[in-house]
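Because the structure is a prediction, the values reported are computed rather than measured.
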Amino acid sequence: MSPLLEMKNVTIHFGGLTAVNGVSMTIEERQISALIGPNGAGKSTIFNIITGIYAPNGGHIYYRQEEITGKKPHQITGRGIARTFQNIRLFGELSVLENVKIGGHCKGRAGLFGALTRLPGVQKEERLIMEKARAALAVVDLTGREKELARNLSYGDQRRLEIARALASGPQLLLLDEPAAGMNTLEKQTLMQTVQHIRDLGITVMLVEHDMSFVMNLSDHVDVLDYGRKIASGTPFEVQQNPAVIEAYLGKEPLDLETD
C-alpha cells in the first residue's frame, strides 16, 4: 500500500538559512505520526510546506500519489488536509458552533451570491455544514456548548475547538502543531484520548509536539529533525534509544514510556 503522504528530498531556504535540508518521510494511512526535534529544527516549517503556506526550493510532496508541491493552501485543504497552529487562532467573539462552521465553509461552493440569495442548493449546503460542525464538536467532546463564546472556553477546550474546526473540513490527514502546548496533565490526557478517537475514525494524524511523554505514548511512528535534517525515524521505542536523538534532543537517558 502506498503511503498517504510522501516527502522526497524537500528543502527550503530563507535567505542564507536552510530551514529544511533534504528531508524525506512517509506518513502511513490511519496512523498517528509525530515530528519532533529541538526549537528551530524545521518542524513547523514542514507543516507550512505541506499545507502550501511555503513553497519549497527543492524536492517533492505527494498526497495519495498526487504531487501537491507548491499548491495553494485552499487547494491543499480541498484535497483533504487540514491543520491547527501553534498559537490559538479562534474568533473569540463568535460562538463555538460558528467557529467550527468556518471550517466547513472553507469547502463550500455557495459563494457570496449564493449566501445572499439563499437558494435551495445553498440551504442544503448550509444544513450539511451544520451537521458536520456538530459531528466535529462531538468528536472533541464539546457537544452542548455550541452557543458559548469561544473566548469563554478554558485553554484546553479552546485547543480542542481548533481541532473541531479543522475536522469540519472533512480531512483525511490532520496536522496538529503543538496541540498539547500549555495544557495541564488532565487536559493532555483528554487530548490524547481525542487524538486516538480521531485516528480510530479513519483519519490520519501527524503532530508536532515538545511533550515527549505525550508523543511517545500516543504515536505509532516518530521522525526526528535537528537543524533542518532528519536524523532518525522509527517507532517511539526505537527513536528513544537512538544515540543521535538522545544527544540532540532527549538528553542522556532514554524516556520512560509509561503514561504520566
Side-chain angles (χ1 to χ4, degrees), residues 32-41 43-48 50-51 53 73 77 81-106 132-169 171 173-201 203-219 222 236 249 255-256 258-260:
I32 299 171
S33 296
L35 183 60
I36 67 172
N39 287 328
K43 307 180 298 297
S44 292
T45 300
I46 283 181
F47 269 23
N48 288 335
I50 292 172
T51 54
I53 295 175
T77 301
I81 300 177
R83 71 170 294 180
T84 64
F85 293 84
Q86 288 183 26
N87 300 317
I88 292 175
R89 298 189 179 185
L90 296 173
F91 296 93
E93 298 304 318
L94 296 183
S95 72
V96 165
L97 183 60
E98 288 168 335
N99 268 276
V100 180
K101 285 174 63 179
I102 289 170
H105 279 296
C106 73
K132 289 181 179 180
R134 292 187 182 279
L137 286 172
V139 171
V140 302
D141 199 25
L142 287 176
T143 297
R145 306 182 68 179
E146 292 87 351
K147 295 182 180 180
E148 292 186 39
L149 294 183
R151 63 178 170 82
N152 292 337
L153 298 182
S154 69
Y155 181 83
D157 287 344
Q158 287 186 15
R159 283 283 186 184
R160 289 188 291 131
L161 177 57
E162 279 200 311
I163 294 174
R165 184 173 61 187
L167 290 174
S169 68
L173 174 60
L174 177 63
L175 310 183
L176 303 178
D177 198 347
E178 298 193 30
M183 288 188 174
N184 60 38
T185 299
L186 179 59
E187 288 172 332
K188 288 178 183 178
Q189 290 174 347
T190 300
L191 176 63
M192 188 178 297
Q193 294 170 354
T194 298
V195 175
Q196 289 170 331
H197 181 41
I198 291 169
R199 186 267 316 276
D200 293 342
L201 290 173
I203 300 171
T204 304
V205 178
M206 182 181 182
L207 61 93
V208 164
E209 183 54 59
H210 283 289
D211 186 317
M212 288 299 97
S213 179
F214 185 88
V215 167
M216 297 300 176
N217 283 284
L218 181 63
S219 305
V222 180
Y249 187 52
L255 285 177
D256 182 357
E258 295 298 320
T259 304
D260 288 344

So, [X] side chain and [Y] main chain: donor-acceptor pair closer than 3.5 Å or not?
X	Y	value
Glu209	Ala180	yes
Glu146	Gly144	yes
Gln196	Leu218	no
Lys101	Ala133	no
Lys132	Leu167	no
Gln158	Ala150	yes

For Thr84 and Ala166, the nearest pair of non-hydrogen atoms, with its separation, is CG2-CB, 4.4 Å
For Ala82 versus Ser169, what's the shortest heavy-atom pair and its separation?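 Scanning both residues, the minimum pair turns out to be CB-OG, 3.5 Å.
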Below 4.5 Å, heavy atoms only, C-beta onward: do [X] and [Y] meet side chain to side chain?
X	Y	value
Ile88	Arg159	yes
Ile163	Leu174	yes
Arg83	Asn48	yes

Which residues pass the salt bridge (Lys or Arg N to Asp or Glu O under 4.0 Å) test with Glu98, not counting sequence neighbours?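 With sequence neighbours excluded, Glu98 shows a salt bridge (Lys or Arg N to Asp or Glu O under 4.0 Å) to no residue whatsoever.
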